[in-house]
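Order of the sequence lines sets the chain letters (A, B, ...), proteins ahead of strands, with each chain counted from 1.
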Number of protein chains: 2
Amino acid sequence: MTKKDDFDLQDFLPYLLNQAAEESSLSFQNIYKARYGMLRTEWRVLFHLGIYGRMSAKEICERSKMHKTKISRAVARLEERRFLTRERDAGDRRLEALELTAAGRAAYIELRGVAMDYDAKLAEAFSPDDVAVLRKLLHHLAKL
Amino acid sequence: MTKKDDFDLQDFLPYLLNQAAEESSLSFQNIYKARYGMLRTEWRVLFHLGIYGRMSAKEICERSKMHKTKISRAVARLEERRFLTRERDAGDRRLEALELTAAGRAAYIELRGVAMDYDAKLAEAFSPDDVAVLRKLLHHLAKL
DNA sequence: TGTTGTTAGTTACAAAATCAACTGTTAATT
DNA sequence: AATTAACAGTTGATTTTGTAACTAACAACA
């Protein structure tokens, strides 16, 4: 199609990043949705606990940069599904230590496998050097 | 923090892309929100019409990959604000040709300027070669 | 101790996204 | 022509998110 204007939306980084992010998230999303009925916030919490182990909602909040209300709700849903347990911190009773149950851990392990395969498949589509550049720049952008 | 697990969330491409996309969208979002009270869907529609000129909602849908209900509502809001007009297509009366008004065009021009500056600022943080690789791979990912 | 400020997490309400069902129009098939 | 299917776009119900106000616990300091 002929453009009336020389600005290219497809090269505007925030737009392009969003398109790439949505597209690349899609098939992984289909899996955790179909398999466990999870939302994005939920798998993220699950992964944080799976990777780093027992931690509080506050810590997940800082690491993931998600808003605390999102985390609060994701934790509530994961608890309902018996994927995690909460334990009040004895030292500071405002804090709750969150920890995956066996079921939560099993779900994490399965989804981690899916994620690793998927990531490898994505990376395969490019040269290793390019992927390294991509990861480097994305890290940088994510920390702006 | 010590990891209990060797999977790295920060290197999982869909996660990393989302983080980078959210972060990089943030300050641009603040501008169109504060300046025009627009949502993301709305500036996208505005930009499609600004760049490509008169077109139907269907065409915006295909180009942007946004769901048609989002576009329908964004168009309705932009029309309320007198940023665009609709005209029934004489040949196929299901279609509506959308076109920016002078006010819509002015808003687009201003936001385009902001976008270009912002994009240049982001790109400046990296080497030109790296940016080229980034754009290339993002294009590829966006079209998966 | 009492007051004030801060923090972790929840909840209530409003805004927005999603999904399915709907209207009106065109195209295809018989 | 009549029927059926497909399509552009809208609307309504439900789900999810965002914002702000809230509770309960701790900290600092007079």
Side-chain angles (χ1 to χ4, degrees), chain A residues 18-19 21-23 25-26 29-30 32-34 36-46 48-49 54-81 84-99, chain B residues 18-19 21-23 25-30 32-34 36-46 48-49 54-81 84-99:
Chain A
N18 267 292
Q19 298 276 102
E22 266 175 49
E23 192 57 44
S25 298
L26 202 62
Q29 179 180 38
N30 288 337
Y32 60 72
K33 211 168 159 184
Y36 296 105
M38 278 188 198
L39 302 172
R40 198 163 56 182
T41 48
E42 289 164 49
W43 81 256
R44 285 188 179 183
V45 167
L46 187 84
H48 278 273
L49 294 172
R54 188 183 176 86
M55 63 164 76
S56 70
K58 179 72 197 317
E59 283 176 270
I60 297 176
C61 193
E62 281 159 3
R63 290 188 158 273
S64 68
K65 290 178 185 165
M66 288 192 288
H67 196 258
K68 61 181 181 173
T69 61
K70 267 172 144 178
I71 293 171
S72 173
R73 292 194 257 242
V75 167
R77 279 187 289 238
L78 289 170
E79 191 189 25
E80 269 174 34
R81 285 165 209 183
L84 61 78
T85 54
R86 317 157 101 122
E87 197 185 338
R88 268 278 157 229
D89 186 289
D92 184 342
R93 301 173 37 65
R94 288 170 304 182
L95 294 163
E96 280 183 326
L98 305 173
E99 193 161 29
Chain B
N18 268 291
Q19 298 274 103
E22 268 175 48
E23 192 58 42
S25 299
L26 202 62
S27 62
F28 185 56
Q29 179 180 38
N30 288 337
Y32 60 72
K33 209 168 160 183
Y36 296 103
M38 277 187 200
L39 303 173
R40 197 162 57 178
T41 48
E42 288 164 49
W43 81 255
R44 285 189 179 183
V45 168
L46 187 84
H48 278 274
L49 294 173
R54 187 183 177 85
M55 63 164 75
S56 70
K58 179 72 197 315
E59 284 176 270
I60 297 176
C61 194
E62 280 159 4
R63 290 189 158 274
S64 68
K65 289 179 187 166
M66 291 192 287
H67 193 90
K68 60 180 181 174
T69 61
K70 270 170 141 178
I71 292 172
S72 173
R73 285 170 171 134
V75 166
R77 278 186 293 239
L78 289 170
E79 190 188 25
E80 268 174 35
R81 286 164 209 181
L84 62 77
T85 53
R86 318 157 102 122
E87 198 185 338
R88 239 339 120 208
D89 186 290
D92 184 342
R93 300 174 39 67
R94 289 171 302 182
L95 294 164
E96 280 182 327
L98 306 172
E99 192 160 31

Inset, instruction - Show your working on side-chain contact (heavy atoms from CB on, under 4.5 Å) between B/L98 and B/H48 and close with a plain yes or no. - result: CA-CA 10 Å; B/L98 306 172; B/H48 278 274; over 6 Å; no
Legend entry - side-chain contact (heavy atoms from CB on, under 4.5 Å) between A/R77 and A/L39, worked out: CA-CA 10 Å; A/R77 279 187 289 238; A/L39 302 172; 3.2 Å; yes
Inset, instruction - Evaluate the side-chain contact (heavy atoms from CB on, under 4.5 Å) criterion for residues B/R40 and B/Q29: first the C-alpha distance (whole Å), next the side-chain angles of each, then the deciding distance (0.1 Å), finally the verdict. - result: CA-CA 7 Å; B/R40 197 162 57 178; B/Q29 179 180 38; 5.7 Å; no
Inset, instruction - Treat primed atoms plus P, OP1 and OP2 as sugar-phosphate and everything else as base, then score nucleotides 7-21 of chain C 5' to 3': B for base contact with protein heavy atoms under 4.0 Å, S for sugar-phosphate contact only, - for none. - result: BSBBBB---SSBBB-
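If you measure from atom CD of B/E22 to atom C1' of D/dT17, you get 12 Å, rounded to the nearest angstrom. Atom CG of A/D89 and atom P of D/dC26 are 9 Å apart (whole Å).
In summary, the aromatic rings of B/W43 and B/Y36 are positioned with their centroids too far apart to meet the 6.0 Å limit.
In this model, a donor atom of one side chain and an acceptor atom of the other lie less than 3.5 Å apart for A/N18 and B/S25.
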